[in-house]
Structure formats: structure tokens, C-alpha cells
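Before any comments, here is the structure.
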2 protein chains.
Amino acid sequence: MPNRKAAQPISLAVVKTACSNCNLHELCLPLGLSHEEVEKLDEVVSARRRLKRGEHLYRAGEEFNSIYAIRSGFFKTDVLLEDGREQVTGFQMTGELLGLDGISTEQHSCNAVALEDSEVCTIPFSNLEGLSREIKTLQHHFHKVMSREIVRDHGVMMLLGTMRAEERLAAFLLNLSQRFTARGYSPAEFYLRMTREEIGSYLGLKLETVSRAFSRFQEEGLIAVQQKHIRILNITGLKQLMSHHPRN
Amino acid sequence: MPNRKAAQPISLAVVKTACSNCNLHELCLPLGLSHEEVEKLDEVVSARRRLKRGEHLYRAGEEFNSIYAIRSGFFKTDVLLEDGREQVTGFQMTGELLGLDGISTEQHSCNAVALEDSEVCTIPFSNLEGLSREIKTLQHHFHKVMSREIVRDHGVMMLLGTMRAEERLAAFLLNLSQRFTARGYSPAEFYLRMTREEIGSYLGLKLETVSRAFSRFQEEGLIAVQQKHIRILNITGLKQLMSHHPRN
DNA sequence: AAGCCCCTTTGATCCAAGTCAATGTGTACC
DNA sequence: GGTACACATTGACTTGGATCAAAGGGGCTT
């Protein structure tokens, strides 16, 4: 149990975020940096922050100062229209960056919400810019990360623009599977951190449609669903489904 | 008439791209740079390239080396799925950058096609990174441009995920209008450079639906359409249309 | 000036997904 | 340990946009 013992002073070394001893090197900003360079990055990463499930990391309209690296946990980002319509723009997991949208106007343009208890590293953006003027590798890696975000968004546009409901859900499951795999988890079995409604919002579908598609996949033996617990039984079947579109 | 006189040698000064005497300062990378800094940028921008209508600036899969600033003309970018489905991911006009998607994998991830005769400045990316390690303002501005692209994409996701056909088209027209205005053109009257099919692909609609929506807008007195020539007659009407969604 | 091709418009019909409604299920809180 | 509440499933019906089909421009080329 993570119950903090009363009044016990905690050593700075433990509290201090340290890229150098973080096991996310391969997923996060330090990718490809030398030991020395990672230590410089350490100085820039100012603090960790813990969030409970449901808590906002930032909200649309707030001033932008920092980007965040997810140390552990799971987030969604969403945009709200004045009339209350909501679009989930992404789900982020360990090692991924949050807040890149805020650079453009120096205000966050979406909301970031923890979907489970999570922990992030706060990276003041002007410090990061400073350091990436010094460290070429860091600069280039950061540019790649931003660019990857753009490519990812194009993928979602493709999905929303051209795919039918079951294709969208299959693509979604395969994407999650692949990201879990990259983090050392099972490619075939995982818990969804988000509701059917959030999946639907992300995929441009109503929650009932998401639910029906899950049921259909189960009937066809592609997956086993029990609430948020998913097991992928036939990954090639799911992949085929995506090229099996009618005509067009 | 821009008919080039035969065999007349052209002075280097004319051919050479020069940010310093380009009238796109306010829209393009040099935004906010000092005179000296712009001259440094000049050295980095290696060449102009002219494209005829229909010509590809780059194709998905090609090696990425440079980004491109549009000096004049109009482009679309699109992504193709193996099965032939196409998604237009954006339309780009004067002053906007093309190719940011390629940074991530060092390969272009989409196609960029000129929709009218156009001219671009080629900016070798490693040179740009080099210079932006020297010039803080340039670095920051470049980051803002990339971030703006992400925010823009989120807007498109919102559009594709939550809006009905007529809302999408209204949003599209208003967006074009606003961008033309920023370039000193009429906010109310313009020629579309793309076909109904390309608009449809961008908006996740079939070309017939786009056509019908145009006709409906015309019946309602919101716009006057004649083929590719658009006049916006009631801009507030168009804006209202977007908040007038049914329920949800 | 004719003829062709591409783009666009319009009509009739169909279907995938949305809507509305009721019932089931798991979990957190007294 | 019961009860409340949020989330999920399933069914019946509706509908917005897709599909199929045909006809009407515009602007090329020859």
C-alpha cells in the first residue's frame, strides 16, 4: 500500500525527478542522448506531479509553460465546442508527451485528464528550448516527436474520414495493442482505461455503436470482451477487417 | 504577361530566393526576426522550385530532406491507404509550410500536390535546425508553427468526429475565407482550387453530398456558387449554422 | 467551331449508424 | 451487505449521407 508514513522526511534524491535513472529512456525525450546530456536534461525537468483518476493535468485556455512526460498512468486529451460537443483527440500512455498543442498560442488548446492515477514529469518549455539549442540530438529528437504527433493526427483523420465503424474500432484496438507491446505488456490482453463513450468520441461514433461493434467482434471470435477487459484472439482477423471495406 | 524573353541571361540576384525581400515575412518563418537574422535565413533557404498544376512536390515514402515554404500557389496533402482509399489531410496556401510530417521518420508520410501553378522555397531541414540553434526567435517560431499544425489537425478531428455535412462545409468555407483575408484577399469572394471530390475527401463526405450542401446554402441565400467561384453572402448565417446542430 | 473529357448537379433508393428506450452489470459508498 | 450510480448491452426504429444513375456545363484540344 502506498500509504506514506506520517511526518517521515523524504530524501531529496527520491523526490527529485531523474531522467538518468528513469526506465523510460527508450520511449521519452532522453532517447539517444549521452549520459552527460541526460544529466543536463535532469536539471531541466523541474518536478514530478501526481494525479488521481479524473484529475485535470491542464485545461483548455490555461497559460502554457511546460510540456509533460508521462512517467506512469494513462490520459485522454479532448476539445470542447461551445455548444457542448466533445471530441477526444487522443489517449496518451507512459513515455508519451502531453502539452505540445500549447506551444502555438502559449495557451493550452485542449484538456488533459488522467484516466487512472498517474505521474508526470514537468518540463518547463523554455528550458527545453534552451537545452535543445545546446544539444543537437535533443533538438532533433524533440522535432521528431512533434512531427510524429502530426503524422499520428493524419492517421486519425484518415480513420474518421474514410473508415466504417468496425474498421475504426479494429484500428483502435490494434493501435493500443501495439503501444502496450512497445511498453513490455501483453499485445493480446489489456484493460481499457476509457469508457465506451470516450472511445466513441475519439472514433467519431456513438457509445452504442462502439458497444455493438465489440459484441460483433466477440461473436466472430476476434476478441473476448468483458467490460473493460479485452483479449485479442485473432489479430490477423482484426487486421483483415480493415482492408475488407466494401467498395470505394 | 510573364513570358520570359528568349536566351536573356537572368541575374543571380533575381533567381536567388531571398527571405529579406520576400513579402511573406508576416506569414512565413522570418516572422519576428531581425534584419540580420533574416539574412542568415536567406543563406539556408537553398532554392526555389516551380510546380505546374497537378505536379507533386513530394510523395509518401520519399526521403525527407527539406521542408518547403509556399511562395505562391495552392497545394493539397493526402494520404493513401493500400486499398486505394484517399484522405486529403489539408490544403495549404501562400506562406504556409509543407513537409513537417516527414521529420518524424525521415520519410515523407503523405503526398503534396500543387492544385495550381505554384512556387516554393526549399529549406534543407538540417540547415534550419542548425540556424535555430543559433537564433532563439527562429527556434521558437518554428516550434509554434509545428504546434499550430497539431492544433489545426485537432480542429479537423473535431469536424470529422462531431459535425454534420453542412456544418463541415460551413466550417471549411469560413476557414478558407479567414485565410484569404489574412493574405489580403477578399473574405467574401474566392475561387476554389480543389474539386468537389477533394473537398469531400477532406471533410469525410462524398462529392455528391458536398455538391448538395453547396446547393442548399445557395437556396438559403448564404452563398452564391458558380462552379469553383464562391461568394459568401451571409457570413453570420454560415457561422450560426455551425452552432445550430440538432441535439447531442 | 466541334467534340471530348472532366467536373458538377440533381434525382431515386438504400443502408450504416444514430436515436430512443429498457434492461443488465459491476463497483463504490454508506 | 445493500443500495445507488455510472457504465454497458441490446432491441426497435429513424435518418443523414452513401450509392447508383443520368444529364448538364466548361474548358480543353484539334
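So that the names make sense, note that chain A is the first sequence line, chain B the second, and so on, each numbered from 1. Bear in mind that the values here come from a model prediction, so they are computed numbers and not experimental data.
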**Prompt:** So, for A:Glu189 and A:His229, which heavy atoms are closest and what is the spacing to 0.1 Å?
**Reply:**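 Shortest heavy-atom contact: OE2-NE2, 2.9 Å.
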**Item:** Minimal non-hydrogen separation, B:Cys110 against B:Thr77, with atom names
**Value:**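 B:Cys110 and B:Thr77 have their closest heavy atoms at SG-CB, 4.0 Å.
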Rounded interatomic separation in angstrom, taking [atom1] from [X] and [atom2] from [N]:
X        : N      : atom1 : atom2 : answer
B:Gln227 : D:dG25 : CD    : C1'   : 6 Å
B:Arg216 : D:dG16 : CZ    : P     : 9 Å
A:Glu208 : D:dC7  : CD    : C1'   : 12 Å
B:Glu219 : C:dT10 : CD    : C1'   : 11 Å
B:Arg212 : D:dA18 : CZ    : P     : 9 Å
A:Phe214 : D:dT10 : CZ    : P     : 13 Å
A:Ile230 : D:dC7  : CD1   : C1'   : 14 Å
A:Lys52  : C:dA28 : NZ    : C1'   : 14 Å

**Message:** Using heavy-atom distances to pick each residue's nearest nucleotide on DNA chain C, tell me which of A:Met163 and A:Gln226 is more 5'.
**Reply:**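 The residue mapped nearer the 5' terminus is A:Met163.
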**Asked** What orientation do A:Tyr68 and A:Tyr58 show, parallel under 30°, tilted 30 to 60°, or perpendicular over 60°?
**Response**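 Judged by the thresholds at 30° and 60°, the geometry between A:Tyr68 and A:Tyr58 is parallel.
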**Pair B:Asp117 + B:Lys52, salt bridge at N-O below 4.0 Å** =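 A salt bridge links B:Asp117 with B:Lys52.
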Among the nucleotides [options], which one has an atom lying closest to any side-chain atom of [X]?
X        : options               : result
B:Ala165 : D:dG17, D:dA8, D:dA18 : D:dG17
A:Lys228 : D:dC7, C:dT10, D:dT9  : D:dC7
A:Ser211 : C:dG11, D:dA8, C:dA16 : D:dA8
B:Val225 : C:dT9, D:dT9, D:dG17  : C:dT9
B:Thr195 : C:dT8, D:dC7, D:dA18  : C:dT8

**Prompt:** Base, sugar-phosphate alone, or nothing: which one does A:Gly200 contact when heavy atoms must sit under 4.0 Å apart?
**Reply:**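 Counting heavy atoms under 4.0 Å across all strands, no contact is made by A:Gly200.
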**Message:** Students often get this wrong, so: under 4.0 angstrom with heavy atoms, is B:Leu207 touching a base, only sugar-phosphate, or nothing?
**Reply:**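 Counting heavy atoms under 4.0 Å across all strands, the contact made by B:Leu207 includes a base.
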**A:Arg183, CZ: over 12 other non-hydrogen atoms inside 6.0 angstrom** =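 Correct, the count exceeds 12.
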**Item:** B:Arg196 side chain near C:dT8 phosphate (N/O to OP1/OP2, under 4.0 Å)
**Value:**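 The answer is yes; a side-chain N or O of B:Arg196 sits under 4.0 Å from OP1 or OP2.
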